[in-house]
> 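This is the structure, below, for whatever I ask next.
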Amino acid sequence: MKLKKTTSIVGIALLTTFTLAACGKKADNTSSYSDKQTLNWTESAMISTQDPSLATDTTSFNTLLNTQEGLYRLGKNQKPELALATKAKVSADGKTYDFTLRKGVKWSNGDTLTAQDFVYAYQRTVDPKTKASMAFYLYQIENAKAINQSEKAVNTLGVKALDDYHLQIKLTKPVPYFKTLLAFPLFFPQNENAVKKFGDKYGTQAKYQVFLGPYRLTKWTGSNKKWTLVKNNTYWDKKNVHLKEINSLVTESTTTSYNLFQSNKADETLLSGAQVAANKNNEAYHQRKASAIQRLELNQTKVEAFKNLKLRKAISLAINRQSLTNNVLKDGSVPAKGFVPSGMGENPKTGQAFQDEAYVKAGVAYNLKEAKKLWQEGLKEEGLDSLTVTLSVSDTDSAKQVAEFLQSQLAKLDGLKIEVQSLPYTQLIARQSASDYDMTVKNWQAILADPINFLDVFEKGSSYNTSGYDSTEFNRLLTEAEDTYANQPEKRWQALVKAEKVLMNEQGTIPLFQVAKPQLLRANVKNILYNPVGCPYDFKEAYIANK
């Protein structure tokens, strides 16, 4: 398959855009920041980088979406609309895109945006020296894969600046959702002068980045938990940017953010557990389901025993997902029916939802008796009496709760000992990316409404496939879906359904639950849009209504 982790992009199209006033009931609680158009926001994780080529996490992407921009941006109906481009022409075969760029657009360092900024950005991302883990998203561009695998020179990439304001992109095949991809930060332009000036420091602090979007990032030192987005007065569409300032504060605990909201020091807070139950009748309460799945990963490259299918199945069967969502999370999250969550598309012929058609009950069921049987059989096959492994999770309240639950559930398998390790989010991401874990809980958030946005996480060669899962049949089906049947919707759909069933039957991963995002939000905060990454927000059209 050519579009390696093209799966991250599923959520972009999937997540419906709302004005927040429509997400819940009107509330009387108001912000004290109406006149200043200042919003105080909370985040559950820190920014890891502001280098568009290296970003992989939601918080970093969300910030990039508000400080940078691409050829397209997503409108209120999650439809791509022209942004830095004023015209786009697509060839009859769907493989060549010609763009006319908006003139007079300035970077925050005073440089003028040109087509070469896109050429430079795309070449930098696929250059193997950059080590961009998401470079596979560009593989649909001519020669991108070969360049990324050191088989061709960077300057052979199918992206050209025909002149300062005309950009051409050539693809290896038609990609129906390519315009949506272009609204994703990985496809944003980069300022070559800034990259070369800052060197290894580029994107590591606010002062080591230049901005092109509606806001400029300030007060971010690279490791702190507070930063501010300030309205960018040189932004080409500044008249539609209403908020003057967004102050962000990382609160790993919702107890902290909840108290800040209650004391009128924050305009929003996520909720968990008992907070949800206590606030369901609160007029500020909003509930939505994210296109995200949390899963348990067993690292076959580090723990040899996890290569045994019986042991993987045993661990999955020993987890009561209904109890996890109902009794531990209590936030509206639901047990996973598979790795691909709800909302990722419907059968083009029958209309059946993907998660229902591809459902493999045994892959997510709870059956402790069968789990114990398979566990003992697997241990015997591996010549083991017991197994001790470390479960690595982030240091948020909810992550710790999930870890404790898994630890107690898996303790019922005789001979299995789980030691829990809680790490700051950025450290956990680094460990996961380096395949430096025994077991870990991972979250995958969609950015395109298509099952491929999830499934190709586990394709051979994907930078996100850090657990060592490798299935010839699974890889074959994904290649069929993206290459052989790219323009045959029904056949492509069936290949994707089969691939999900293979993944679950082989227990290539252990899906836990589909994430819910309950929150409290000030009633007078209006028109905040869900962004492509799914859970945080796009502040371009947000404003605080005066009461």
Side-chain angles (χ1 to χ4, degrees), residues 11 15 18 20-21 23-25 27 29 31 39-48 57-63 65-66 225-227 229 246-294 324-326 328-334 341 393-403 422 424-426 428 441 443-446 512-523 525 528-531 533-539 542:
L15 294 172
F18 300 90
L20 288 180
C23 294
K25 301 176 224 173
N29 56 326
S31 168
L39 183 69
N40 285 346
W41 205 256
T42 63
E43 296 281 1
S44 60
M46 296 188 297
I47 297 172
S48 65
D57 64 285
T58 299
T59 308
S60 296
F61 281 138
N62 186 56
T63 307
L65 284 163
N66 282 288
K225 296 182 179 181
K226 298 172 71 174
W227 58 85
L229 295 177
I246 302 111
N247 298 311
S248 296
L249 173 67
V250 176
T251 56
E252 288 90 350
S253 169
T254 57
T255 300
T256 302
S257 59
Y258 183 73
N259 289 337
L260 289 171
F261 183 88
Q262 295 292 78
S263 60
N264 206 37
K265 294 179 180 179
D267 294 308
E268 172 272 347
T269 177
L270 290 176
L271 301 174
S272 61
Q275 294 170 347
V276 174
N279 284 280
K280 281 193 173 180
N281 294 321
N282 188 331
E283 292 181 326
Y285 179 76
H286 302 271
Q287 171 70 280
R288 58 191 172 82
K289 195 179 295 181
S291 58
I293 287 285
Q294 288 212 8
L324 172 60
T325 57
N326 288 356
V328 178
L329 297 173
K330 295 184 288 187
D331 62 357
S333 296
V334 296
V393 299
S394 71
D395 57 1
T396 63
D397 287 350
S398 60
K400 291 176 182 177
Q401 290 174 339
V402 171
S422 297
Y425 183 67
T426 53
L428 178 66
V441 175
N443 183 78
W444 189 255
Q445 173 70 52
L512 298 174
F513 58 91
Q514 183 167 355
V515 179
K517 292 292 180 181
Q519 68 181 159
L520 296 180
L521 180 75
R522 301 285 173 207
V525 179
I528 291 183
L529 310 181
Y530 292 122
N531 72 28
V533 184
C535 297
Y537 300 90
D538 176 358
F539 296 115

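If you read the sequence from its start, that first residue is 1, and numbering goes on from there. In this text, all values refer to a predicted model and were calculated from it rather than measured experimentally. Atoms considered below: every heavy atom in the structure, side chains included; atoms not considered: hydrogens, waters and symmetry mates.
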> Sequence neighbours excluded, which residues qualify as side chain to side chain donor-acceptor pair (under 3.5 Å) partners of Thr254?
Ser272, Gln275
> Could you pull out all residues at least two apart from Glu252 that satisfy side chain to side chain donor-acceptor pair (under 3.5 Å)?
Lys225
> Side chains of Leu271 and Tyr285: closer than 4.5 Å at any heavy-atom pair?
yes
> Rounded to the nearest 0.5 Å, what's the gap from CG on Asn66 to CD1 on Ile246? Could you check?
6.0 Å
> If you take all heavy atoms of Glu268 and Leu521, which pair is closest and at what distance?
CB-CD1, 4.0 Å
> Is there a side-chain contact (heavy atoms from CB on, under 4.5 Å) between Thr63 and Leu229 once you walk through the steps?
CA-CA 8 Å; Thr63 307; Leu229 295 177; 4.1 Å; yes
> Do any N or O atoms from the side chain of Ser333 and from the backbone of Ala516 form a donor-acceptor pair under 3.5 angstrom?
yes
> Looking only at non-hydrogen atoms, find the nearest pair between Lys330 and Val276 and report the distance.
O-CB, 3.5 Å
> What closest approach, in Å, do Ser394 and Leu428 show between heavy atoms, and which atom pair accounts for it?
N-CD2, 3.3 Å
> Who pairs with Asn247 by side-chain contact (heavy atoms from CB on, under 4.5 Å), at least two apart in sequence or on another chain?
Thr38, Asn40, Thr228, Glu245
> Indicate yes or no for a side-chain donor-acceptor contact from Ser257 to the backbone of Thr269 under 3.5 Å, with no hydrogens or angles considered.
no
> Restricting to side chain to side chain donor-acceptor pair (under 3.5 Å), what partner residues turn up for Asn279, sequence neighbours left out?
Tyr258, Asn282
> Just verifying a value: how many Å separate Ile293 CD1 and Leu512 CG, rounded to the nearest 0.5 Å?
8.5 Å
> Closer than 3.5 angstrom, by distance alone: can the side chain of Gln287 be matched with the main-chain N or O of Asp331 as a donor-acceptor pair?
yes
> Name all residues meeting the side-chain contact (heavy atoms from CB on, under 4.5 Å) criterion together with Val334; count only those two or more places apart in sequence or in a different chain, and write none if there are none.
Lys289, Gln514
> Who are the side-chain contact (heavy atoms from CB on, under 4.5 Å) partners of Asn443, not counting sequence neighbours?
Ala292, Gln294, Gln445, Val515
> Name all residues meeting the side-chain contact (heavy atoms from CB on, under 4.5 Å) criterion together with Ala45; count only those two or more places apart in sequence or in a different chain, and write none if there are none.
Thr59, Tyr425
> Working to the nearest 0.5 angstrom, can you tell me the gap between Phe513 CZ and Leu329 CG?
4.5 Å
> List for me each residue that meets side chain to side chain donor-acceptor pair (under 3.5 Å) alongside Ser44, sequence neighbours excluded, and say none if there are none.
none
> Got a second to check how far Leu65's CG is from Ser60's OG, nearest 0.5 Å?
11.0 Å
> Is there a side-chain contact between Leu260 and Thr251, using heavy atoms and a 4.5 Å cut-off?
yes
> Are Asp267 and Arg522 packed together at the side-chain level, in the sense that at least one heavy-atom pair is separated by less than 4.5 angstrom?
yes
> Is there side-chain contact between Glu43 and Asn62, with at least one heavy-atom pair below 4.5 Å?
yes
